[in-house]
Amino acid sequence: MNELPEYIVQLVVKSLKKELTEEEQKQIEEWKEAHPEQADEFKRLQVYVKTGYDISTFKGIDVNAAWKLVDRQTGRKKKRRLRSYWWAAAAVVIIFVGDILIHGGWQRPVSDALLSSSESFRPGSKKAVWELPGGEIIHLNEEGNRKIVNENGDVVGQDSMNVLAVASVHNGKMGWNKVRVPQGGEYGVVLGDGSRVWINSESELLFPSVFDGKERMVEVRGEAYFDVVKDARHPFVVKMGHSTVRVLGTSFNVCGYAEDGMEQTTLVVGSVEVDCDGKVYQLIPGEQLEIRKGSEPKVKKVDVRLYTSWKDGIFRFLDMPLDELTVKLKRWYDVNFVFENENCKMYRFSGVIKKDVDFNEFIQLIETTTAVKFEIEEDKITIKEK
């Protein structure tokens, strides 16, 4: 796609705040006249900027500060021309969504009917179920602040501040533990060796009562982020469906939902080795190994924040197709989506949004910045073209 000059993006922002000088307005008109081939791109950019303008708190945004935010988000050291339309679009959405929705500034519903229909769709919360060796079930939630004892009265852990701290000295039965996070939930776990794990919605972490072998082995079904305590003599091993991740001490994210048809290992700090069907891939920070059914595993450079910010309570999307985005919304808001046709799945969305934002506000943003609309009927949401 043809790139849009950054100064044009800034002038569009100023124009909708009614802050343009006559000279700046003239600059826009001259640019449009000189670049008729970019008319559609310009209109699409205006839609994104108008989204923010419609939010009441938009008038308080400092344009220079906002662009500094964009520089931080995109990793630029200085201002330069935006590389593609989607960076321009993402930049604008980051300004408005990052500075406004993250702080809860948008309260206008799409419509009274949509608001009423979506009231039952609440953001997820901190909740999980801990299944002890032997089958005993313990429910964990954000209200918890307690020592956890098993049926024999042995202290096996501490549940506090949305985190389960597993006892470092084993009490009770030996065997494998399972922490299961349902749809619409997430939870943190501190393992007996001090390693921290953030478990995403609709995911499971399996781990032994005691790490007593040469390796500290756990298993993940779904998605989890790890911050592993270093122990050179006892490598930390994460097993997924089709791959095994081996580390000494590092921070990384693994994602392997069965329904997604792929597994991803994203490295933040340190180094990891991923074994896939006997072939070993070594990653460095900022790299991701993606394994898709029927394709060769692929290592690529990524912005790790797009794959790890969920643990910090933030959704980050960059040019994500709606069919992928709705899967993430389904897991967090516990809703079901149906697409009217294949075209609806291909529309893309960029933004930075706090995970506790109201569902109605989230879909309003998508409706405003794409050519789709949402129709809600009981527990099913149909996505249609406008």
Side-chain angles (χ1 to χ4, degrees), residues 128 130-131 133 164 166 170 174-181 186-302 304 306-308 310-311 327 331:
W130 183 12
E131 183 178 335
L164 166 65
V166 179
H170 178 65
M174 295 290 286
W176 282 79
N177 298 259
K178 180 191 296 184
V179 174
R180 184 173 64 253
V181 177
E186 62 182 21
Y187 220 75
V189 175
V190 179
L191 299 173
D193 68 338
S195 296
R196 298 177 64 87
V197 189
W198 289 259
I199 310 171
N200 208 346
S201 57
E202 219 171 24
S203 301
E204 296 179 352
L205 173 70
L206 289 81
F207 57 94
S209 300
V210 175
F211 291 124
D212 57 0
K214 293 181 179 180
E215 297 177 330
R216 295 170 288 165
M217 183 173 290
V218 302
E219 185 174 342
V220 171
R221 299 168 186 167
E223 183 170 22
Y225 180 94
F226 289 83
D227 189 356
V228 176
V229 171
K230 188 172 184 178
D231 182 350
R233 293 184 302 172
H234 301 90
F236 195 94
V237 178
V238 180
K239 295 186 65 176
M240 292 193 290
H242 301 284
S243 60
T244 301
V245 183
R246 181 182 302 272
V247 306
L248 296 178
T250 189
S251 299
F252 61 99
N253 193 81
V254 295
C255 184
Y257 291 100
E259 65 180 302
D260 291 352
M262 67 176 179
E263 293 178 3
Q264 295 172 326
T265 300
T266 308
L267 181 60
V268 179
V269 178
S271 66
V272 301
E273 291 182 349
V274 185
D275 187 324
C276 178
D277 295 330
K279 187 173 181 179
V280 177
Y281 300 82
Q282 187 161 354
L283 304 184
I284 62 175
E287 287 187 340
Q288 177 186 86
L289 174 66
E290 182 174 277
I291 303 168
R292 288 183 179 269
K293 189 175 181 179
S295 301
E296 284 293 314
K298 180 170 60 176
V299 177
K300 56 185 178 180
K301 282 282 188 181
V302 297
V304 297
L306 295 172
Y307 303 92
T308 63
W310 63 266
K311 74 178 181 62
V327 172
R331 290 173 182 148

Practice item. Nearest 0.5 Å please: distance from the CG atom of N253 over to the CG atom of L306. Key: 11.5 Å
Practice item. Would you indicate whether K279, at its atom NZ, is surrounded by more than 12 heavy atoms from other residues, nucleotides or ligands within a distance under 6.0 Å? Key: no
Point to revise | K239 atom NZ, over 12 foreign heavy atoms within 6.0 Å | key: no
**Study point:** Polar contact flag, side-chain donor to acceptor under 3.5 angstrom, W310-E223
**Key:** yes
Revision key, fill the gap. Given the options N177, V166, V181, V218, V189 meets side-chain contact (heavy atoms from CB on, under 4.5 Å) only with V166
Check your understanding: For V179 and L164, what are the C-alpha separation, side-chain angles and deciding distance, and is it a side-chain contact (heavy atoms from CB on, under 4.5 Å)?
Key -> CA-CA 9 Å; V179 174; L164 166 65; 4.0 Å; yes
Practice item. Report yes if some heavy atom in the side chain of L205 is under 4.5 Å from a heavy atom in the side chain of Y187; otherwise report no. Key: no
Review point. Checking S195 side chain against L191 main chain: does a donor-acceptor pair fall under 3.5 Å?
Key: no
**Study point:** Distance in Å, T266 OG1 paired with Y225 OH, rounded so as to fall on 0.5 Å steps
**Key:** 10.0 Å
Practice item. Could you tell me the separation between the CD atom of E202 and the CZ atom of R331, rounded to the nearest 0.5 Å? Key: 6.0 Å
**Study point:** Gap between atom CZ of R292 and atom CE of M262 - 0.5 Å precision
**Key:** 4.5 Å
Exercise for review: Report yes if the side chains of Y307 and Q288 come closer than 4.5 Å at any heavy-atom pair, otherwise no.
Suggested key: yes
Review point. Would you say V229 and H234 make side-chain contact, with heavy atoms under 4.5 Å?
Key: no
Check your understanding: Quick one: does E263's side chain have a donor or acceptor within less than 3.5 Å of a partner on H242's backbone?
Key -> yes
Practice item. Say whether, by atom type as modelled, one donor and one acceptor occur between the side chain of T265 and the main chain of V254 under 3.5 angstrom. Key: no
Check your understanding: Got K178 and R221 here, is their nearest side-chain heavy-atom distance under 4.5 Å?
Key -> yes
Point to revise | Parallel, tilted or perpendicular, as decided by the 30° and 60° cut-offs, for the rings of F252 and F226 | key: parallel
Study note, to complete from the structure: Between P133 and S209, the two heavy atoms sitting closest are CG-OG, 3.5 Å
Exercise for review: Going by the side-chain contact (heavy atoms from CB on, under 4.5 Å) test, name the single residue among V220, L283, V238, V228 that passes it with V245.
Suggested key: V238
Check your understanding: What is the minimum heavy-atom distance between L267 and P285, and which atoms define it?
Key -> CD2-N, 3.5 Å
**Study point:** Atom pair NZ (K298) and CD (E290), whose distance is rounded to the nearest 0.5 Å
**Key:** 5.5 Å
Check your understanding: Above 12 or not: heavy atoms from other molecules or residues under 6.0 Å from CD of E296?
Key -> no
Review point. Does any N or O in the side chain of R196 come within less than 3.5 Å of the main-chain N or O of G188, such that one atom is a donor and the other an acceptor?
Key: no
**Study point:** CD on E273 to CD on Q282, rounded to 0.5 Å
**Key:** 5.0 Å
Exercise for review: Would you check, one step at a time, whether the test side-chain contact (heavy atoms from CB on, under 4.5 Å) holds for Y257 with N200?
Suggested key: CA-CA 11 Å; Y257 291 100; N200 208 346; 3.8 Å; yes
